[in-house]
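Reviewing the structure listed below.
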Protein chains: 2
Amino acid sequence: MTELEKGPTGSRRGRGARERIISAAQQLFREQGINRTGMNELCAAAEVSKRTVYQHFTGKDELVAEYLRRFDPSVLSGVFDRTDLTPRERLLAAFDVPTTTPLCPYIAAAVELHDPQHPASQYARDYKKAVAARLADTAREAGAADPEQLGEQLALLIDGAAARTRVLDADAFPTAAAIAAALIDNALPAAAGHNR
Amino acid sequence: MTELEKGPTGSRRGRGARERIISAAQQLFREQGINRTGMNELCAAAEVSKRTVYQHFTGKDELVAEYLRRFDPSVLSGVFDRTDLTPRERLLAAFDVPTTTPLCPYIAAAVELHDPQHPASQYARDYKKAVAARLADTAREAGAADPEQLGEQLALLIDGAAARTRVLDADAFPTAAAIAAALIDNALPAAAGHNR
DNA sequence: CGTTAAGCACACAGGGCGGTGTACTTAACA
DNA sequence: TGTTAAGTACACCGCCCTGTGTGCTTAACG
């Protein structure tokens with residue numbers, strides 16, 4: 001990503017408190033949820049004084065938004081840029097998620113915050129749309145008849161697998177991948193050369 | 001507005017407090033979420049004194065569990081028993097949800113509580129499995145080749161539509177229904193003309 | 001060096017939360 | 001009519017939460 005923006009201060013000074021804060025937020029918000037993670041606990045994990053946190057962020061809400069903004073999902077960045085895969089394989093690779101992943105943090109944030117106006121909720125929407133768009137791009141590249149529709153469908157499958165995995169406490173991504181394969185085969189011209 | 005934090009409106013409401021509590025829980029937990037609904041607020045909405053609530057329920061956790069248990073999803077329970085529809089139509093009717101529905105409360109509860117051991121989380125799991133099972137039954141009735149698989153797939157689609165609707169604030173069920181139709185057509189013996 | 005700002009320690013405010021204690025009132029029914 | 005169970009009023013507890021105020025330390029850099 002961009003290593004230019006290091007925050008509002010953009011300073012070369014300091015001992016890196018901001019980064020420690022964000023990385024602690026990544027871990028705790030993800031593992032315990034946003035509402036169940038207190039600022040005191042977060043400060044302790046980041047090895048940062050509470051005062052410092054509130055000098056970098058106006059409040060927890062801003063930190064939450066930054067947490068989502070900085071969350072770099074291996075899915076999006078890792079999968080779509082793999083040139084060693086065919087477009088079709090890239091679409092399917094989006095369903096190969098490590099089982100450690102508890103739940104898409106964007107869904108979790110939208111549910112926990114429960115406020116569509118919250119900056120983090122808005123960012124979650126943007127992100128979901130971006131993923132669907134990238135899926136649509138790849139679908140177009142693969143030669144799908146209706147790439148937008150296929151992208152939206154695959155995005156829905158990913159979200160369904162994430163939600164279901166969370167509720168059932170059992171990996172639902174294989175099921176989603178199976179559906180995805182069927183949809184892709186339906187959408188691509190049958191004569192297309194892909195290994196089956 | 002300012003008087004919201006008070007209990008009954010002076011005039012005694014008499015018996016039947018328990019039902020009022022549960023129905024207030026249905027509304028508030030669903031509209032605002034579980035964590036954002038305080039017991040004081042709930043008492044005010046139910047027009048019940050706080051003491052009464054804690055004579056009926058040992059704590060908020062038990063009330064939450066009862067809330068899920070009593071949640072009667074008009075959609076699903078109504079759909080599976082409709083004898084005027086063919087099995088295939090019943091499977092598709094599960095995706096005709098009123099847009100008023102904000103989010104499947106079982107997913108919301110699992111995310112908000114964030115504890116797989118919580119009674120409500122366990123019930124959410126049971127419910128999700130039961131829905132998948134009923135979908136599988138109907139799929140079998142419709143003559144699907146692998147009913148269990150189709151049931152699980154359709155259940156995943158429903159959850160995906162619910163989650164995505166919540167995050168994007170836009171109805172995703174039509175997309176899910178389209179996928180469902182494709183899956184069903186793939187799974188059923190092609191000879192059937194979609195009628196009986 | 002000295003200056004500057006990043007960071008620290010820590011108490012505390014203010015409020016909401018879930019939950020209780022206690023004494024009281026009333027509806028329902030035998 | 002008397003008894004009893006259901007409901008009430010409301011102050012109160014302890015806890016944890018986000019967020020501040022204040023004075024101090026220390027690293028970076030000219």
Side-chain angles (χ1 to χ4, degrees), chain A residues 5-25 28-29 31-67 109 112-115 118-120, chain B residues 1-25 28-29 31-67 109 112-115 118-120:
Chain A
E5 57 173 344
K6 291 232 173 160
T9 64
S11 70
R12 302 155 34 213
R13 294 194 173 185
R15 281 159 283 173
R18 188 182 178 92
E19 289 308 313
R20 287 207 307 281
I21 295 166
I22 293 175
S23 108
L28 293 180
F29 287 162
E31 286 178 1
Q32 313 181 339
I34 295 169
N35 292 332
R36 300 185 107 77
T37 299
M39 292 303 275
N40 286 329
E41 182 184 6
L42 194 145
C43 292
E47 291 180 306
V48 153
S49 104
K50 208 168 171 184
R51 211 69 192 80
T52 301
V53 170
Y54 283 96
Q55 272 154 10
H56 280 285
F57 303 93
T58 66
K60 190 180 184 180
D61 285 349
E62 191 180 302
L63 179 55
V64 171
E66 186 68 16
Y67 147 67
E112 284 203 79
L113 302 175
H114 215 278
D115 173 17
H118 193 290
Chain B
M1 180 67 109
T2 54
E3 295 289 313
L4 253 180
E5 295 298 315
K6 284 196 178 162
T9 63
S11 71
R12 186 163 285 256
R13 283 275 158 181
R15 305 207 165 172
R18 186 184 180 91
E19 288 308 311
R20 288 206 307 281
I21 294 167
I22 292 176
S23 107
L28 293 181
F29 287 162
E31 286 177 0
Q32 313 180 340
I34 295 167
N35 292 332
R36 301 184 103 79
T37 300
M39 292 304 277
N40 285 331
E41 183 185 7
L42 195 145
C43 292
E47 292 181 303
V48 153
S49 102
K50 207 169 170 184
R51 210 71 191 80
T52 302
V53 171
Y54 284 96
Q55 272 154 10
H56 281 284
F57 303 92
T58 66
K60 190 180 183 180
D61 285 350
E62 190 179 305
L63 179 54
V64 171
E66 186 69 15
Y67 147 67
E112 284 203 81
L113 302 176
H114 214 276
D115 173 17
H118 192 291

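Just so it is clear: chains get the letters A, B, ... in the order the sequence lines come, proteins before strands, and each one is counted from 1.
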Strictly under 3.5 Å: I want the nitrogen or oxygen pairs between protein and nucleotides 21-23 of chain C, one per line.
residue, atom, partner, partner atom, Å
C/dG21, N7, B/Arg51, NE, 2.8
C/dG21, N7, B/Arg51, NH2, 3.4
C/dG21, O6, B/Arg51, NE, 3.2
C/dT22, O4, B/Arg51, NE, 3.3

Length of the CG-C1' vector between B/Leu42 and C/dG19, whole Å: 14 Å

Euclidean distance, atom CG of residue A/Leu63 to atom P of D/dC17 [Å, nearest integer]: 15 Å

Separation of C/dA6 C1' from A/Glu19 CD (nearest whole Å): 15 Å

Distance below 4.0 Å between A/Arg20 side-chain N/O and C/dC8 OP1 or OP2: yes

Donor/acceptor link under 3.5 angstrom from A/Lys50 side chain onto base of D/dG19: yes

Flag side-chain contact, heavy atom, 4.5 Å: A/Phe29 against A/Val64: yes

Any side-chain heavy-atom pair of B/Arg36 and B/Leu28 under 4.5 Å: no

Pairwise 5' ranking along DNA chain D for A/Gly38 and B/Thr52, keeping only the more 5' one: B/Thr52

B/His56, nearest nucleotide to its side chain (from D/dT8, C/dC8, D/dG7): D/dG7

Sugar-phosphate only, base, or nothing, as touched by A/Arg36 at under 4.0 Å among non-hydrogen atoms: nothing

Nearest-angstrom distance from the residue atom CZ of B/Phe57 to C1' of D/dG7: 15 Å

N/O donor-acceptor pair under 3.5 Å between B/Asn35 side chain and A/Asn35 backbone: no

For atom NZ of A/Lys60 and atom C1' of D/dC16, their distance in whole Å: 11 Å

Sub-4.5 Å side-chain heavy-atom contact between A/Met39 and A/Leu63: yes

Touch class at under 4.0 angstrom, heavy-atom based, for A/Glu47 against every strand present: sugar-phosphate

Side-chain heavy-atom pair A/Ile22, A/His56 within 4.5 angstrom cut-off: no

Length of the line joining A/Ile21:CD1 and D/dT18:P, which is rounded to integer Å: 14 Å

Sugar-phosphate only, base, or nothing, as touched by B/Thr58 at under 4.0 Å among non-hydrogen atoms: nothing

Nucleotide D/dT18, atom P - distance to CD of A/Glu62 in whole Å: 15 Å

Donor-acceptor contact present, side-chain B/Thr37 to main-chain B/Gly33, <3.5 Å: yes

B/Arg18 or A/Met39, whichever maps to the more 5' nucleotide of DNA chain D: B/Arg18

Per A/Tyr54 side chain, nearest of listed nucleotides D/dT20, D/dG7, D/dT8: D/dT20

Interatomic distance where CG belongs to A/Asn40 and P belongs to C/dC10 [whole Å]: 13 Å

A/Thr58 side chain to A/Glu62 side chain, donor-acceptor N/O pair below 3.5 angstrom: yes

